[in-house]
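This one's a predicted model, so the numbers in the text were calculated from it and none came from an experiment. Sequence lines set the chain letters: A, B, ... in the order given, protein chains first and strands last, and positions in each chain run from 1.
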There are 2 protein chains.
Amino acid sequence: MEKLDHIDRRILAILQRDASLSLEDLGERIGLSRNAVWRRVRALEESGVIRARVALLDPEKLGLGLTVFMMIRAERHTPDWLEKFTRATRDMPEILGAYRMTGDLDYLIRARVADVKAFDRLYKDLIARVELHDVSSSFVMEETKETTALPV
Amino acid sequence: MEKLDHIDRRILAILQRDASLSLEDLGERIGLSRNAVWRRVRALEESGVIRARVALLDPEKLGLGLTVFMMIRAERHTPDWLEKFTRATRDMPEILGAYRMTGDLDYLIRARVADVKAFDRLYKDLIARVELHDVSSSFVMEETKETTALPV
DNA sequence: AGTGAAAGATTATCGGA
DNA sequence: TCCGATAATCTTTCACT
């Protein structure tokens with residue numbers, strides 16, 4: 001947790017939506033010289049508040065039209081099982097998020113695939129890698145929101 | 001859905017993990033001149049396969065240590081309700097994802113907040129904006145995976 | 001925090017495979 | 001058509017005020 005002032009927050013708000021802006025433009029928007037901005041951005045990168053700069057791709061254009069959530073109950077509750085699950089999800093590129101949860105739902109997986117057929121392959125692949133006690137999958141019909149921008 | 005060759009895919013795989021690389025470096029990694037790479041990247045941007053370049057922030061460092069999923073059943077199944085829900089989730093910056101689902105779970109929300117107290121505020125805010133029939137919330141104890149990189 | 005200049009990266013144009 | 005080279009332009013970085 002860092003101490004960020006109002007200007008830092010404005011910089012972050014802009015950069016997490018569009019990091020292709022030049023320092024010149026960024027400075028203009030927040031009313032600072034490119035240099036003052038440059039120093040702040042640099043500090044934000046060094047402190048790790050800015051973790052990375054990445055390109056966001058369009059899933060539809062890559063033929064990944066279907067988002068799936070899998071609600072999972074574990075077969076066994078052991079460190080070994082958790083490690084296997086973690087490794088399996090890391091190794092499967094269709095899986096974008098994997099979460100250990102509170103409540104009677106043990107684990108939740110968020111994945112992107114081409115279609116229902118591709119999901120079935122993902123499902124079979126997953127159960128071949130880790131023993132799952134109970135899995136219930138839901139498909140996303142509509143994404144009404146999906147962002148990487150955190151509240152600043 | 002676009003026709004992408006092997007080299008395009010390699011470029012995308014790299015850029016969606018690190019878009020801070022220079023064209024020089026990128027070209028070196030895939031064995032092309034910076035110029036050839038530049039043309040490909042540009043084409044990928046123009047066709048919309050690359051949707052944006054953004055900065056990814058560290059949620060912990062921003063004091064957003066808690067990820068929450070809210071499973072929701074709608075009060076009414078009308079276009080009007082859906083529109084209200086959509087607007088509410090769009091307007092609430094803590095909500096990162098909102099999905100209309102198949103199955104008896106109607107809607108799913110993914111959000112980031114500081115702590116349980118902040119979640120309670122988010123919850124109250126949400127039910128003040130849209131009528132929800134049934135909400136069940138689960139907290140994330142551990143994120144074993146979380147990526148913006150799609151399989152290419 | 002801002003200015004100006006050097007270093008570095010990006011984009012446009014052209015000739016060749 | 002796609003690649004690579006060269007040159008013009010724009011961006012980032014840094015010393016100085």
Side-chain angles (χ1 to χ4, degrees), chain A residues 1-64 114 147-152, chain B residues 1-63 147-152:
Chain A
M1 182 111 179
E2 308 285 320
K3 52 268 147 290
L4 305 169
D5 67 11
H6 180 60
I7 295 174
D8 285 333
R9 288 176 196 281
R10 283 176 66 200
I11 291 173
L12 292 173
I14 295 171
L15 286 185
Q16 73 179 156
R17 283 182 176 80
D18 184 2
S20 73
L21 290 165
S22 71
L23 293 170
E24 191 78 47
D25 288 355
L26 198 52
E28 204 169 304
R29 288 211 200 178
I30 62 175
L32 238 56
S33 74
R34 70 210 139 117
N35 235 278
V37 177
W38 174 70
R39 274 189 288 261
R40 280 172 183 268
V41 171
R42 179 181 230 276
L44 291 165
E45 274 164 347
E46 276 177 3
S47 69
V49 174
I50 295 177
R51 242 190 4 186
R53 286 154 180 274
V54 303
L56 259 27
L57 310 185
D58 185 327
E60 304 287 341
K61 299 218 162 129
L62 292 169
L64 297 166
T147 182
T148 57
L150 302 174
V152 292
Chain B
M1 180 115 178
E2 307 284 319
K3 50 271 146 294
L4 305 169
D5 67 12
H6 180 61
I7 295 174
D8 286 331
R9 287 176 196 281
R10 282 177 65 200
I11 291 173
L12 293 173
I14 294 171
L15 286 185
Q16 74 179 153
R17 283 182 178 81
D18 184 2
S20 72
L21 290 165
S22 71
L23 293 170
E24 191 78 46
D25 288 355
L26 198 52
E28 205 168 305
R29 286 211 201 178
I30 61 173
L32 273 177
S33 75
R34 79 195 137 161
N35 235 288
V37 175
W38 175 71
R39 272 188 291 258
R40 281 172 182 268
V41 171
R42 177 181 231 277
L44 291 166
E45 273 164 348
E46 276 177 4
S47 69
V49 174
I50 294 177
R51 243 191 3 187
R53 285 154 181 274
V54 302
L56 260 25
L57 311 185
D58 185 328
E60 306 287 341
K61 299 220 162 124
L62 293 169
T147 183
T148 56
L150 302 174
V152 292

Practice prompt. Measure from CG on Leu44(B) to P on dC2(D) and round the result to the nearest Å.
Written response: 13 Å
Worksheet item: Looking only at side-chain N and O atoms, does Arg42(A) come under 4.0 Å of OP1 or OP2 in dC14(D)?
Response: yes
Discussion item. Rounded to whole Å, how long is the line connecting atom NZ of Lys3(B) with atom P of dC2(D)?
Written reply: 10 Å
Worksheet item: Going through the distances and angles, do Leu4(B) and Val152(B) end up as a side chain to side chain contact (heavy atoms under 4.5 Å, CB included)?
Response: CA-CA 10 Å; Leu4(B) 305 169; Val152(B) 292; over 6 Å; no
Discussion item. Between P on dT10(C) and CG on Asp25(B), what's the gap in Å once rounded to a whole number?
Written reply: 9 Å
Worksheet entry | Interface residues of residues 8-18 of chain B with DNA chain D (non-hydrogen, below 4.0 angstrom) | none
Fill in: Estimated bend of the helix from dA1(C)-dT17(D) to dA17(C)-dT1(D) (axis per five terminal pairs, rounded to 10 degrees)
20°
Worksheet item: Can you list the steps and then say if Ile11(A) with Leu32(A) is a side chain to side chain contact (heavy atoms under 4.5 Å, CB included)?
Response: CA-CA 11 Å; Ile11(A) 291 173; Leu32(A) 238 56; 5.7 Å; no
Response to the item:
To the nearest angstrom, the CG-P distance between Asp5(B) and dT1(D) comes to 15 Å
Discussion item. What is the distance, to the nearest angstrom, from the CH2 atom on Trp38(A) to the C1' atom on dT3(C)?
Written reply: 14 Å
Practice prompt. Test Leu15(A) against Leu44(A) for side chain to side chain contact (heavy atoms under 4.5 Å, CB included), laying out the working first.
Written response: CA-CA 11 Å; Leu15(A) 286 185; Leu44(A) 291 165; over 6 Å; no
Practice prompt. Give the rounded distance in Å between these two atoms: CD of Glu24(A) and P of dA9(C).
Written response: 19 Å
Under-3.5 Å N/O pairs linking protein and nucleotides 3-7 of chain D:
| from | atom 1 | to | atom 2 | distance (Å) |
| --- | --- | --- | --- | --- |
| dC3(D) | OP1 | Arg40(B) | NH2 | 3.2 |
| dG4(D) | OP2 | Ser33(B) | N | 2.9 |
| dG4(D) | OP2 | Ser33(B) | OG | 2.9 |
| dG4(D) | N7 | Arg39(B) | NH2 | 3.0 |
| dG4(D) | O6 | Arg39(B) | NH1 | 2.9 |
| dG4(D) | O6 | Arg39(B) | NH2 | 3.4 |
| dA5(D) | N6 | Asn35(B) | OD1 | 3.2 |
| dA5(D) | N6 | Asn35(B) | ND2 | 3.0 |
| dT6(D) | O4 | Asn35(B) | ND2 | 3.2 |

Worksheet item: Which heavy-atom pair separates Arg34(B) from Glu24(B) by the least distance, and what is that distance?
Response: CD-OE1, 3.5 Å
Worksheet item: Which value, rounded to the nearest 0.5 Å, describes the distance between Asp18(B) atom CG and Leu56(B) atom CG?
Response: 11.0 Å
Worksheet item: If you take all heavy atoms of Ile30(B) and Arg10(B), which pair is closest and at what distance?
Response: CA-NH2, 3.5 Å
Practice prompt. Return the value, rounded to whole Å, for the distance between atom CG of Leu23(A) and atom P of dT13(D).
Written response: 7 Å
Practice prompt. Evaluate whether atom CD of Glu28(A) has more than 12 neighbouring non-hydrogen atoms of other residues, nucleotides or ligands under 6.0 angstrom away.
Written response: no
Worksheet entry | Val41(A) side chain reached by Leu26(A) side chain, heavy atoms, under 4.5 Å | yes
Item to complete: Please step through side chain to side chain contact (heavy atoms under 4.5 Å, CB included) for the pair Arg40(A) and Asp8(A), ending with a clear verdict.
Response: CA-CA 7 Å; Arg40(A) 280 172 183 268; Asp8(A) 285 333; 3.1 Å; yes
Worksheet item: Looking at Lys61(A) and Ser47(B), what are the two nearest heavy atoms and their distance?
Response: NZ-O, 3.0 Å
Response to the item:
Heavy-atom closest pair (Glu45(A) atom, Arg53(A) atom, distance to 0.1 Å) is OE2-NE, 2.9 Å
